[in-house]
Amino acid sequence: MAEAAIRAGCRYYFGYPITPQNELPEYMSKRLPEVGGIFVQAESEIASINMVIGASMAGARVMTSSSSPGISLKQEGISYLGGLELPAVIVNMMRGGPGLGNIAPSQSDYFQATRGGGHGDYRTIVLAPASGQELCDLTYKAFDLADHYRNPVLILADGMMGQMMEPVRFPVLRDVERLPKKPWALTGAKGRKSHFIRSLILDPEQMEEHNWKLMRKYEQIADSEIRYESFKTDDADLVIVAFGTAARIAKAAVKRARGEGLKVGLFRPISLWPYPSKALRDLAKRVKHFFVFELNAGQMIEDVHLALGGEADVFFYGRPGGVVPNPAEISRIVSRQFFQKEIG
Amino acid sequence: MLIKTIFAGFGGQGVLSMGYVLAYAAMVEELQVTYLPAYGAEVRGGTANCTVAISNEEIASPIASAPDNVVVMNNPSLEKFQHQIVTGGVMFVNSNLVEQRPVRGDIILYEIPCNDLAHELGSDQSANMVMLGGFIEKTGLVKLDSIRSAIKDVFKEKKKAKEMNLKALDVGFDYMRKNGGKV
Amino acid sequence: MKKVFGRPKTLKPNPYHYCPGCGHSLLHRVVAEVIEEMGAEEIAIGVPPAGCAVLAYNYFDVDMGEAAHGRGAALATGLKRVLPDHLVFTYQGDGDIAAIGTAETVHAANRGEKITCIFVNNAVYGMTGGQMAPTTLLGQTTTTSPGGRVENRDGFPLNLSEMLAITRGSAYIERTSVTSPAGIRATKKAIRKAFEIQLQGLGFTLVEVLSPCPTNLKMSPLEACKWVDTEMVNFFPLGVIKDITASEEAQDAH
């Protein structure tokens, strides 16, 4: 993931240690100087996200990473990134919460991630990888999206993604000099008028205009940046909806259930904001039973309800607190659903 | 094929390295593999374990609730994992440090005096690689040569450790071949 | 006719929003003059705070990037790390730098970030309406220290500059005031020196400027200046607090 960031042209990393994501800053501290970049271990998550703001203002590709409690601290800065329209990539390797919680894999920050998280009317692009390869590819892509829309992008993974190792194929190393220029950046008023980058807009009408401008941008993102995967949904009677690690387990459960002759499919949102609501709604024209599986007490299910608008049954199974069930557990529940509901 | 192995012991015994090297070797053979380390809040002296899943298909979960193999380097690990192994699964025990034996009769047990063998070699820290050698001889999960190239890559910046680990690997492999280790 | 006095090019022709008698207007001008005199208009990047000076980007005609309350030093760190040849300065009030932003400031100093903090100390939270600041004097009445600041209820005034001088990464720290022409000249000299030391890459630099806030002190501008000169200086003595170039010179002389 760290290597993917560097290959995408990221040369600045600011962070603060927290488990389970320390492998990332450790790698950055060693690797960034090799490519002429800079790693700074800040005194807090708050300081690190503000260093990210500074580097982003200066036009650099920059990232930070943390895990749930640390992401709460970064929310101030993420709100500013949203208001200031600055690109940055933020990684959240979610762990069990609330409070200090534990260091086991969890998906309990879905609400925080997809609803902005900090104060004010803004959106963050949220990408949820489900494999080592996707972690790498989405991180790489995140830098392009952030620059393109001048918007923060959050990679939402969990402790398992953070700790697990899988072989990956790396994307090509970008030439930093040839990345698109950022004429808005603060680089000194040389041969041009001075710039200022601010989010303070005291006049309510002007602030409203700024808000509408942001909303127009978010609509554009919602039109263009939907990502999801459908697995064996074509003939499915029941579709599991899951993201990240949960989707990985669900996929194996689908294979098991298929082995028992049950027509089960998987719908996996990859972009959590914007949420692939339309694709899900289209699916509900044919599929009448949905099974939402999350490693939390029920968060994404709200987006599923919003997308389906009562057009299908929605059943929920969640394991919060860092408990990760195995595929057999999920396929057992799926077959029970089949029998109880007499699907198919 | 999907084979999941848990390596467990004290932090500092090199259990994570065992798993890492195995995972790396599987990568060398272009198999699908996941490596998932787990440890307590303490770095040394606490419990540590890691799970390696090897398959020729996409791996759904890197977690093993019912592992096929368990490698046990200390007493607490035996207690913790002996009931999780699948029926017919295999347990490898470091007989120098593990006093108890599993109560189960439906699993296969191999013993190897890793610490003694490593000590004879003059490298107490290499007990983990002695175990890995024995493990590979019995499971044949990957080729011995793949483990060798994994060790060469993983320890490429630590020449001395690399040489010792390669020797220890052979010692464990040969011990298992000659003595069988089966109880 | 020769024009002998005018607006520095580094200030925009906008009228200040500051209250009459406020030190910010003077200090803005001083900073702008120094940038112009150093010919640093094209490399200067300012970081205004939350607080009275939040609108500083309306006045300074150089690149400016707004920071959240207290985070100036962290944001400036990010800017400077990307643009090591630029002149990066923050402009922060006492609440911003010495309360909510203490951690960011101490650690930026300790890392020896090559930035300059201009720390305006007026002993109150001005913008929010005169609440007690970390630098409010003992006995000083504010809207949240009725009857005067008491140490065992409110703690002591914080001597941030002296604290920062202890960090090994700081290179130059001086406290001045803008209550008199002499004070203004000293302030200008100190800011110039801080900027020069920053550009030489010697470490973290800070100039603390004692500044009158007649509105919240509920005094006339003159009274407020006098209060700074007679009361504030007892807690916050003027002068150079740290200057690593002076000790080098002193060593050279030996």
Side-chain angles (χ1 to χ4, degrees), chain A residues 11-14 16 32 36-62 64 73-81 83-84 86 88 118-119 176 182 184-202, chain C residues 9-12 17 35 40-51 53-88 90 100-111 113 115 127:
Chain A
R11 289 294 175 272
Y12 299 89
Y13 176 95
F14 304 94
Y16 184 81
L32 273 172
I38 285 175
F39 167 91
V40 177
Q41 181 169 319
E43 64 273 19
S44 69
E45 283 90 351
I46 299 174
S48 64
I49 192 75
N50 282 283
M51 291 175 188
V52 166
I53 293 175
S56 181
M57 280 179 174
R61 285 198 161 186
V62 55
T64 185
L73 285 169
K74 287 189 200 288
Q75 291 300 343
E76 173 192 81
I78 299 174
S79 165
Y80 277 76
L81 286 165
L84 296 162
L86 290 173
H119 62 282
V176 179
K182 298 176 180 175
W184 48 265
L186 303 183
T187 51
K190 189 175 182 181
R192 61 159 169 81
K193 283 190 173 168
S194 61
H195 290 163
F196 59 90
I197 298 180
R198 58 156 183 178
S199 60
L200 178 88
I201 303 169
L202 289 171
Chain C
K9 285 201 290 289
T10 43
L11 277 184
K12 294 176 184 170
H17 72 287
I35 293 170
E41 303 92 323
E42 295 183 344
I43 58 163
I45 303 179
V47 179
V54 69
L55 295 170
Y57 51 76
N58 280 343
Y59 310 121
F60 286 107
D61 198 5
V62 297
D63 275 10
M64 301 285 277
E66 169 197 283
H69 194 27
R71 317 296 177 222
L75 196 149
T77 296
L79 279 167
K80 184 76 181 194
R81 293 292 184 122
V82 179
L83 302 167
D85 299 329
H86 283 55
L87 177 70
V88 177
T90 71
I100 195 166
T102 315
E104 285 78 2
T105 311
V106 169
H107 285 275
N110 195 49
R111 285 190 305 268
E113 295 295 340
I115 59 173
M127 194 192 213

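Within every chain, numbering begins at 1; the chains are lettered A, B, ... in the order of the sequence lines, protein sequences first and strands thereafter. Please read all numbers here as calculations on a predicted model, not as lab measurements.
For A/Ile38, the part lying near chain C is the side chain, with the backbone staying farther off; criterion is any non-hydrogen pair under 4.5 Å. Using a 4.5 Å cut-off between heavy atoms, C/Lys12 touches chain A through its side chain atoms alone. Looking at C/Ala76, neither its backbone nor its side chain comes within 4.5 Å of chain A, counting heavy atoms on both sides. Of the two parts of C/Glu104, the backbone and the side chain both hold a non-hydrogen atom closer than 4.5 Å to a non-hydrogen atom of chain A. Only the side chain of A/Val40 comes within contact range of chain C, with at least one heavy atom under 4.5 Å from a heavy atom of that chain.
Counting only heavy atoms from C-beta outward, the side chains of A/Leu200 and C/Leu55 approach each other to under 4.5 Å. The shortest distance between side-chain heavy atoms of A/Met57 and C/Ile45 does not fall below 4.5 Å.
In this structure, CG on C/Leu75 lies 11.0 Å from CD1 on A/Ile49, to the nearest 0.5 angstrom. Interatomic distance, CE of A/Met51 versus NE2 of C/His107, reported as 9.5 Å (0.5 Å rounding).
Interface check for chain C: of the options A/Leu202, A/Leu84, A/Thr187, A/Val62, the most heavy-atom pairs under 4.5 Å are formed by A/Thr187. Across C/Asp61, C/Val82, C/Val54, the residue that shares the most heavy-atom pairs under 4.5 angstrom with chain A is C/Val82. When each of C/Lys80, C/Arg111, C/Glu41 is scored by its heavy-atom pairs under 4.5 Å with chain A, the top score falls to C/Arg111. Among A/Ile197, A/Leu186, A/Val52, A/Ile53, the residue with the largest count of heavy-atom pairs under 4.5 Å with chain C is A/Leu186. Heavy-atom pairs under 4.5 Å with chain C peak, among A/Ser44, A/Ser56, A/Ala55, A/Ser79, at A/Ala55.
Shown are A/Lys190, A/Lys193, A/Arg192; of these, the side-chain hydrogen bond (donor to acceptor under 3.5 Å, both in side chains) with C/Asp63 is made only by A/Arg192.
Every residue two or more places apart in sequence or in another chain that forms a salt bridge (Lys or Arg N to Asp or Glu O under 4.0 Å) with A/Glu76 is listed here: C/Arg71.
Heavy-atom minimum distance, C/Leu83 versus A/Ala58: CD1-CB, 3.6 Å. The minimum heavy-atom distance between A/Tyr80 and C/Ala68, with the atom names listed, is CZ-CB, 3.2 Å. Annotation for A/Ala47 and C/Ala74: closest pair O-CB, 3.5 Å, computed over non-hydrogen atoms.
C/Glu66 contributes a side-chain N or O that, together with a main-chain N or O of A/Ser199, makes up a donor-acceptor pair within less than 3.5 Å.
Within 6.0 Å of OH on A/Tyr16 lie no more than 12 heavy atoms contributed by other residues, nucleotides or ligands.
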